[in-house]
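Single-structure report; data block below.
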Protein chains: 2
Amino acid sequence: MAQPKEKYHHGNLRQALINAGQQLLIEKGIHCLSLRETAKAAGVSHTAPYRHFKDKDMLLAAIAESGFEQLAEALQNAAESCADDPEKQLTEAAVTYVKLAITHIEMHQLMFGNILNEDSMSESVLEKKQRVFDTLFKIIENGQKQNIYIEAETLELAVAAWSLMHGYALLISSGQLREAATSLMQIETLARAVTTHLMVGLVKSEKFAEEV
Amino acid sequence: MAQPKEKYHHGNLRQALINAGQQLLIEKGIHCLSLRETAKAAGVSHTAPYRHFKDKDMLLAAIAESGFEQLAEALQNAAESCADDPEKQLTEAAVTYVKLAITHIEMHQLMFGNILNEDSMSESVLEKKQRVFDTLFKIIENGQKQNIYIEAETLELAVAAWSLMHGYALLISSGQLREAATSLMQIETLARAVTTHLMVGLVKSEKFAEEV
DNA sequence: ACCTGAACACCGTTCAAGT
DNA sequence: ACCTGAACACCGTTCAAGT
């Protein structure tokens, strides 16, 4: 009785394939994740997945779905842990984003590495992906309401913040910043520094005082 | 006489393979670029490339090399076009970076999409890659010398700037910002806005005046 | 030295066939 | 309905063999 979806020989082959695929992704990397091996790991023939996914991309998107969910939730938690301090909210969100990205490099690459085609994402995947950006957007919006952030377009500020943390995470995870930061602690410290630079700006404020 | 490297039936099979590969990369995308097709396009058997490249990754790295070179040069030109104005230098570098990334999406993805293994890059590739970051670093350094940018670690500021433009370019090229900007003009406008936000900061400067 | 062709162990996908 | 096995057209890589 338990679950309503008792099937052929799996309780739920769809979910079993997603789990097996996620496991393989973590263990062997995105470029060694094959449909055939995923099916084998789930104990079915290599054509069985086609009962549940139109093609390989659809399986990958389904695997990424839980990643988007997890990321949105982590950002949400980070934001809620310091709801009274918008600046800290943004810093913590950035650190959370970067940490999650580099501790789940393969998953992050699947999610944001241009591997998934937007067309091969179901509505529920797109919705979860959107939630990631929405969380960030709300942090900025909140900071503007509390009169901490400048009154520019919220979207512009959110894109700036997202670009910064996303770019930083990718530069780290692709090894481009190996000379600047290697240990997890250095990476986090640099992440905080970089986020602060965005909040405070690169240009000397005295200069603006002069100009204005 | 011309070139010293007159070979079997190609003047220079190595270069012919790089060119053919680059062509295929642009036409069909990184995931449809195969060694076998590249060899075929260059008019040799599918095993001939192994005379010139240890494996497929080495061929890909060689293709990316010219991309790094081109990018470093474009950034250099952008910087030189306004050597007297550090703020403009950074904005123009960012716009140049983003433009090049999105007009050569496939190449940019090969260069920065975590496809190439650092280990499978020759010294000359690594050196050209480094030049990209160096150009950016020098723009910041120059701005600091001219007393325009704050006196923090140059490396931190350069990483912030690079993260921002890199993240923005990748978010654009992977379609994550389709709702925020679609046309090339919108993309450029948003790039300028985002770069300005980094330079000026998200946090209201009055707030700092109060605090200090 | 430089290139080829056959061979190997993999892919993703399709399709007729089985229960 | 759900799954299988053979088949197809691709991969990257190795290796003995050709000139």
Side-chain angles (χ1 to χ4, degrees), chain A residues 3-25 27-64 106 110 114-117 119-121, chain B residues 3-25 27-64 106 110 114-117 119-121:
Chain A
Q3 240 92 1
K5 268 206 169 182
E6 279 294 325
K7 293 274 175 61
Y8 211 49
H9 45 294
H10 281 86
N12 191 346
L13 180 55
R14 192 190 136 87
Q15 192 57 49
L17 286 166
I18 291 172
N19 294 342
Q22 191 165 14
Q23 193 65 30
L24 284 171
L25 172 69
E27 279 168 15
K28 318 190 50 176
I30 184 73
H31 287 111
C32 300
L33 202 188
S34 70
L35 238 188
R36 290 171 99 109
E37 242 192 299
T38 305
K40 198 201 252 177
V44 290
S45 82
H46 65 269
T47 55
Y50 288 94
R51 290 293 122 202
H52 300 277
F53 302 99
K54 209 202 94 203
D55 54 23
K56 190 189 177 183
D57 270 12
M58 284 289 199
L59 170 60
L60 292 180
I63 294 170
E106 296 299 344
L110 172 61
N114 237 342
I115 289 155
L116 269 43
N117 193 319
D119 307 338
S120 61
M121 293 195 207
Chain B
Q3 239 93 2
K5 269 203 167 185
E6 278 294 326
K7 292 274 175 60
Y8 211 50
H9 44 292
H10 281 85
N12 190 345
L13 179 54
R14 192 189 135 87
Q15 192 57 49
L17 286 166
I18 291 172
N19 294 344
Q22 190 165 14
Q23 194 64 29
L24 284 171
L25 172 69
E27 279 169 16
K28 318 191 49 177
I30 184 72
H31 288 111
C32 300
L33 202 188
S34 71
L35 240 188
R36 290 171 98 109
E37 242 191 301
T38 306
K40 197 200 251 177
V44 290
S45 81
H46 64 270
T47 56
Y50 288 94
R51 291 292 121 203
H52 300 278
F53 302 99
K54 207 202 96 203
D55 55 23
K56 190 189 175 182
D57 271 12
M58 284 288 199
L59 170 60
L60 292 180
I63 294 170
E106 296 299 344
L110 173 61
N114 237 343
I115 288 154
L116 270 43
N117 194 319
D119 308 338
S120 61
M121 293 196 208

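Letters A, B, ... are given to chains in the order of the sequence lines, protein chains preceding strands, and every chain is numbered from 1.
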Exercise. If the sugar-phosphate is the primed atoms plus P, OP1 and OP2 and the base is the rest, what is the B/S/- string for nucleotides 8-14 of chain D, using protein heavy atoms under 4.0 Å?
Worked result: ---BBBB
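- Spacing between atom CG of Asn12(A) and atom P of dA1(D) amounts to 18 Å, rounded to whole angstrom units.
- Under the side chain to side chain contact (heavy atoms under 4.5 Å, CB included) criterion, Gln22(A) pairs with Ile26(A), Ile63(A), Ser66(A), Met107(A), sequence neighbours left out.
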Less than 3.5 Å apart, which donor and acceptor atoms pair up between the side chains of residues 55-62 of chain A and the rest of the protein, not counting sequence neighbours?
{"from": "Asp55(A)", "atom 1": "OD1", "to": "Asp57(A)", "atom 2": "N", "distance (Å)": "3.2"}
{"from": "Asp55(A)", "atom 1": "OD1", "to": "Met58(A)", "atom 2": "N", "distance (Å)": "3.1"}
{"from": "Lys56(A)", "atom 1": "NZ", "to": "Leu33(A)", "atom 2": "O", "distance (Å)": "3.0"}

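- Here the side chains of His46(A) and Leu35(A) are not in contact, with every heavy-atom distance at 4.5 Å or above.
- For Glu106(B) (side chain) and Leu25(B) (main-chain N/O), no donor-acceptor pair under 3.5 Å exists by modelled atom type.
- In this structure, His52(A) places its NE2 atom 9 Å from C1' of dC3(D), rounding to the nearest Å.
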Output a table of donor-acceptor pairs, distance under 3.5 Å, between side-chain atoms of residues 38-45 of chain B and any protein atom two or more places apart or on a different chain; print 'none' if there are none.
{"from": "Thr38(B)", "atom 1": "OG1", "to": "Ser34(B)", "atom 2": "O", "distance (Å)": "2.7"}
{"from": "Ser45(B)", "atom 1": "OG", "to": "Thr47(B)", "atom 2": "N", "distance (Å)": "3.4"}
{"from": "Ser45(B)", "atom 1": "OG", "to": "Thr47(B)", "atom 2": "OG1", "distance (Å)": "3.2"}

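- In terms of the salt bridge (charged side-chain N to carboxylate O under 4.0 Å, His left out) criterion, Glu27(B) has no residue partners (sequence neighbours excluded).
- Residues Gln15(B) and Asn19(B) have side chains that bring a donor and an acceptor to within less than 3.5 angstrom of each other.
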For this session: Show your reasoning for whether side-chain contact (heavy atoms from CB on, under 4.5 Å) applies to Leu116(A) and Met121(A).
Result: CA-CA 8 Å; Leu116(A) 269 43; Met121(A) 293 195 207; 3.7 Å; yes
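- Atom CZ in Arg14(A) sits roughly 19 Å away from atom P in dA1(D) (whole-Å rounding).
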Problem set entry | Watson-Crick or G-U pairs under 3.5 Å in DNA chain C, rendered as dot-bracket with [ ] for crossing pairs and | for another strand | ||.|||||...|||||.||
